[in-house]
A.B. asks: 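Here's a structure for you.
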There are 2 protein chains.
Amino acid sequence: MKQGSEEQLNSAFAALADPVRRALIARLSRGPATVNELAEPFPITKQAVSKHIQVLEQSGLITRTREGQRRPCHLDPAALEALTSWIDTHRLTVERQFRSLDTVLDTLKEKES
Amino acid sequence: MKQGSEEQLNSAFAALADPVRRALIARLSRGPATVNELAEPFPITKQAVSKHIQVLEQSGLITRTREGQRRPCHLDPAALEALTSWIDTHRLTVERQFRSLDTVLDTLKEKES
DNA sequence: TGGATTATCAACCGATTGGTTGATCAACTG
DNA sequence: CAGTTGATCAACCAATCGGTTGATAATCCA
């Protein structure tokens with residue numbers, strides 16, 4: 001599932017945009033689980049959940065192993081970290097920019113008095 | 001644009017899933033800009049960019065002010081922070097879980113020897 | 001072997017998305 | 001005032017999305 005980092009961000013953010021998939025992530029953060037286990041709490045078909053899981057897998061947010069007929073899902077913290085990293089870069093940039101604007105305003109105020 | 005926090009996450013993550021909108025975010029992190037300024041680098045129509053901006057505004061990631069006929073856009077760092085907060089919660093949970101699994105494995109290994 | 005369990009594939013459907021063109025609105029400027 | 005500029009609205013289109021049902025594959029178990 002190799003992708004450019006741009007496509008990684010596309011698919012990972014898109015994956016998180018769905019509340020069902022976010023609930024799956026939340027569940028998997030507490031430990032691996034199979035499709036049936038993951039599907040159980042939802043009022044939709046197992047096929048629909050299976051599709052959601054494939055979306056998560058393709059985005060790199062989860063990985064899957066084989067255990068006989070089961071395919072347990074595991075959350076990948078590194079993939080999550082890549083997202084916070086992108087967001088934080090820009091958040092910090094804008095916050096820095098705000099702070100330097102504050103400094104300018106403070107300086108002007110000082111000159112007034 | 002009041003929404004439940006669930007819908008906030010839906011729309012904010014969906015907003016970040018598009019590379020054009022992420023580029024707009026990146027641009028706005030370096031300071032406010034108008035629609036025309038934002039649209040200039042893109043090979044799509046100004047109307048399309050205007051739609052992207054409306055998506056970003058609805059998601060709460062940006063806010064807009066009035067300056068005569070211009071509508072400058074401003075990036076909201078708090079909205080970004082809400083996203084990293086959600087992601088980090090689950091990332092930390094799964095990392096904690098990994099560490100405790102490691103501990104169990106180490107304990108087993110010790111018993112072996 | 002044959003039946004249950006786990007999971008996916010395939011085809012389809014309605015809604016949403018990202019883009020277009022053309023018209024319109026609102027505010028500045030001569 | 002008329003013309004230009006900044007931005008949006010409206011209608012449309014192809015592609016994607018989230019869901020369904022039904023069939024199929026693969027593994028386990030008795």
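Both backbone and side-chain heavy atoms feed into the values below; hydrogens, waters and symmetry mates do not. Just so we're on the same page: letters track the sequence lines, and every chain starts at 1. Predicted model only: the values in this text are computed from it and were never measured.
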A.B. asks: Going by side-chain contact (heavy atoms from CB on, under 4.5 Å), name the residues that satisfy it together with R64(A), two or more places apart in sequence or in a different chain.
C.D. replies: V35(A), I53(A), E57(A), R71(A), C73(A)
A.B. asks: Assign each of I53(B) and E67(A) to its nearest nucleotide of DNA chain D by heavy atoms, then name whichever residue's nucleotide is nearer the 5' end.
C.D. replies: I53(B)
A.B. asks: Checking E67(B) now: which residues fulfil salt bridge (charged side-chain N to carboxylate O under 4.0 Å, His left out) with it, not counting sequence neighbours?
C.D. replies: none
A.B. asks: Going by heavy atoms closer than 4.0 Å, what residues in residues 16-30 of chain A are next to DNA chain D?
C.D. replies: D18(A), R21(A)
A.B. asks: Want to settle it: does K51(A) or Q69(B) sit nearer the 5' end of DNA chain C, counting the closest nucleotide to each?
C.D. replies: K51(A)
A.B. asks: Tell me the closest heavy-atom pair linking S59(B) and Q8(B), and the distance in Å.
C.D. replies: O-OE1, 3.1 Å
A.B. asks: By a strict heavy-atom criterion of less than 4.0 Å, which residues belonging to residues 31-46 of chain A are in contact with DNA chain D?
C.D. replies: I44(A), T45(A)
A.B. asks: For a side-chain contact (heavy atoms from CB on, under 4.5 Å) check, start with the C-alpha distance between I62(A) and D76(A), then their side-chain angles and the critical distance, and finish with the verdict.
C.D. replies: CA-CA 5 Å; I62(A) 70 171; D76(A) 179 5; over 6 Å; no
A.B. asks: Contact boundaries of DNA chain D with chain A (under 4.0 Å, heavy atoms), 5' to 3'?
C.D. replies: dG18(D) to dC28(D)
A.B. asks: Nearest whole angstrom, please: distance from the P of dT8(C) to the CG of L56(A).
C.D. replies: 12 Å
A.B. asks: Assign Q54(A) to base, sugar-phosphate, or nothing according to its heavy-atom contacts below 4.0 angstrom with the strands shown.
C.D. replies: sugar-phosphate
A.B. asks: Please walk me through it: do L16(B) and I25(B) pass side-chain contact (heavy atoms from CB on, under 4.5 Å)?
C.D. replies: CA-CA 9 Å; L16(B) 293 185; I25(B) 295 271; 4.2 Å; yes
A.B. asks: Identify, with sequence neighbours excluded, every residue that meets side-chain contact (heavy atoms from CB on, under 4.5 Å) alongside A17(B).
C.D. replies: F13(A), A14(A)
A.B. asks: How about N36(B) and R70(B): does a side-chain donor come under 3.5 Å of a side-chain acceptor?
C.D. replies: no
A.B. asks: Go through V55(B) and L61(B) one step at a time and tell me if the side-chain contact (heavy atoms from CB on, under 4.5 Å) criterion holds.
C.D. replies: CA-CA 9 Å; V55(B) 170; L61(B) 290 174; over 6 Å; no
A.B. asks: Is R71(B) near enough to dA27(C) that one of its side-chain N or O atoms lies under 4.0 angstrom from OP1 or OP2?
C.D. replies: no
A.B. asks: Measure from CG on N10(A) to P on dT17(C) and round the result to the nearest Å.
C.D. replies: 16 Å
A.B. asks: Can you name the nearest heavy-atom pair linking E37(A) to T34(A), along with the distance?
C.D. replies: OE1-N, 2.9 Å
A.B. asks: When you look at H52(B) and F42(B), which way does the side-chain contact (heavy atoms from CB on, under 4.5 Å) test go after all the steps?
C.D. replies: CA-CA 12 Å; H52(B) 280 302; F42(B) 295 100; over 6 Å; no
A.B. asks: Shortest non-hydrogen contact from L75(A) to H90(B)?
C.D. replies: CD2-O, 4.5 Å
